[in-house]
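Because only heavy atoms are used, hydrogens play no part in the values below, and waters and symmetry mates are left out as well, while side chains stay in. The residues of the chain are indexed from 1 along the displayed sequence. Each ligand, and each atom within it, is numbered from 1 in the order the structure gives.
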Amino acid sequence: MGPSTPPSTPQASASTEKKKPIAIIAIGMAGAGKSTFVQRISSYLHSQDPPSPPYILNLDPAVTHVPFEANIDIRDTVNYAEVMKQYNLGPNGGILTALNLFTTKFDQVLGLVEKRAETVDYVILDTPGQIEIFTWSASGAIITDAIASSIPTVVAYIIDTPRTTAPATFMSNMLYACSILYKTKLPFILVFNKTDVQPHSFALEWMEDFELFQAALASHAGSTDAEGEPTYMNSLMNSMSLVLDEFYKNLKAVGVSSMTGDGIKEFFEAVQGSRMEYENEYLPDLLRARAAREKTLNDAKADSMGRLMKDLEIDRAKNPAGALADRWDPNEEEDADDEGPEINIVDRSEERWPGQYVDVTRARRHDEEEINWPRPG
Ligand SMILES: Nc1nc2c(ncn2[C@@H]2O[C@H](COP(=O)(O)OP(=O)(O)OP(=O)(O)O)[C@@H](O)[C@H]2O)c(=O)[nH]1
């Protein structure tokens, strides 16, 4: 358990042969510090020698201010307030629909990311404040899968350490992390944030020794009933701690302070360690799944084509005159005139104003580019 020894640091990676960049997806409960964390890791990368500016994607359509300079910002493509109005939705429905609409253009985003693959070491994704909008939506899964099948990807699960000191809250947070790990199957780093307020040593102890966690649980108020017997919840959590013990073995944990920058170096060491995990575990699984999917698809296609050809043969045998007029060739390539819609995704770093990165205080929506989003149904 705990961060493993890194194979290379950001500096070292620059000196070796150029590898694909690593994508870091920052996920966490509302207020855990995702945006502050993204800003901190971005400034850390900028301060390296040589500087290694990351490529940043902001996927939160409702955020009013982002403390970092996003290269691609969902707010440039989708007007969240307009989506709420047009679709008659509340705030969370509006965020989800905005993310869904953005996802329909994600092939363009991927194109832009792939264009930068040679020049950046890190691609960072900041996700919406409401965690479930990303982790339990089809769009979140599509975005995660699309990025992860293109470049090595790691999930950084940001935890609000001061708010996780109660054993029950800690366990809920770990169960949530566990569900994301098993859903994405990606290398996973638990980032205990805000260590300037609350050191994360208690969490590491609980993760390394479940008996310590059970002792903390027993001493916590409300763990026994009026007769002094353990409550149902207490027994349940005791059992869960045994289950989670297995889960902890599959991940790395680091403590950081996005405020002071403490622990950020260790975070990047864990990220580099995750590259190997991605290449040795996730990628082979992905390729196997992709090959199996292609085979199933090809088999189904061959089967349908076989049946179609059989039917055609019967038709032609029955009607030789009609067969003469039939010019359809099953082996002919289809016309490739179904190119996608016009480019609407904005890469801010490709805009004409000076400097590689845009000053977010001067960023503006591209209202003049009218996008007609499809309505559901
Ligand atoms: N003390 C301390 N405060 C932090 C740290 N990181 C973030 N914060 C504070 O936590 C609050 C939430 O931080 P954000 O970065 O907005 O959190 P978020 O997860 O992006 O928030 P939403 O997107 O709104 O869910 C802000 O007041 C930050 O200043 C940290 O390391 N230490």
Worksheet item: Ser258 heavy atoms, cut-off 4.0 Å: which ligand 1 atoms fall inside?
Response: 6 (N), 30 (C), 31 (O)

Practice prompt. Using a strict 4.0 Å cut-off to heavy atoms of Val197, name the atoms of ligand 1 that fall inside it.
Written response: 1 (N)

Worksheet entry | NZ/NE/NH1/NH2 to OD/OE distance under 4.0 Å, Lys310 and Glu313 | no

Worksheet item: Short check: is a protein heavy atom less than 4.0 Å from atom 27 (O) of ligand 1?
Response: no

Worksheet entry | Thr135 and Tyr176 side chains, donor-acceptor separation under 3.5 Å | yes

Worksheet entry | Asp299/Lys295 salt bridge by N-O under 4.0 Å criterion | yes

Worksheet entry | Lys265/Glu269 ion pair, N-O < 4.0 Å | yes

Worksheet item: Among protein heavy atoms, which lies nearest atom 25 (O) of ligand 1, and at what distance?
Response: Gly31 N, 2.9 Å

Worksheet item: Less than 4.0 Å between a side-chain N and a carboxylate O, is that true for Asp160 and Lys194?
Response: yes

Worksheet item: Which atoms of ligand 1 are found less than 4.0 Å from any heavy atom of Ala30?
Response: 25 (O)

Worksheet item: If you measure every N/O of Gly33 against every N/O of ligand 1, is any gap under 3.5 Å?
Response: yes

Item to complete: Please work out whether any backbone atom (N, CA, C, O) or any side-chain heavy atom from C-beta onward of Asn193 is under 4.0 Å from ligand 1, and answer side chain, backbone, both or neither.
Response: side chain

Worksheet item: Against heavy atoms of Thr36, which atoms of ligand 1 measure under 4.0 Å?
Response: 6 (N), 7 (C), 13 (O), 14 (P), 15 (O), 28 (C)

Worksheet item: For atom 29 (O) of ligand 1, which protein heavy atom lies nearest, and how many Å away is it?
Response: Met259 CE, 3.7 Å

Worksheet item: Where the closest heavy atom to atom 18 (P) of ligand 1 is concerned, which of Arg40, Gln39, Lys194, Lys34 has it?
Response: Lys34

Discussion item. Parallel, tilted or perpendicular, judged at 30° and 60°: which one describes the rings of Phe267 and Phe37?
Written reply: perpendicular

Fill in: Selection from Thr127, Val38, Asp196 by shortest heavy-atom distance to atom 1 (N) of ligand 1
Asp196

Worksheet entry | ligand 1 contact by Ser257, heavy-atom criterion under 4.0 angstrom | yes

Item to complete: Return yes if some donor-acceptor pair links the side-chain N/O of Thr161 with the main-chain N/O of Asn193 below 3.5 Å, else return no.
Response: yes

Worksheet item: Is a salt bridge present between Lys252 and Glu277, judged by a nitrogen-to-oxygen distance below 4.0 Å?
Response: yes

Worksheet item: Quick check: does Val256 get an N/O under 3.5 Å from an N/O on ligand 1?
Response: no

Discussion item. List the residues meeting ring pair (Phe, Tyr, Trp, His ring centres under 6.0 Å) with Phe134, not counting sequence neighbours, and say none if there are none.
Written reply: none

Discussion item. Students should be able to answer this: which protein heavy-atom is nearest to atom 23 (O) of ligand 1, and at what distance?
Written reply: Gly129 CA, 3.5 Å

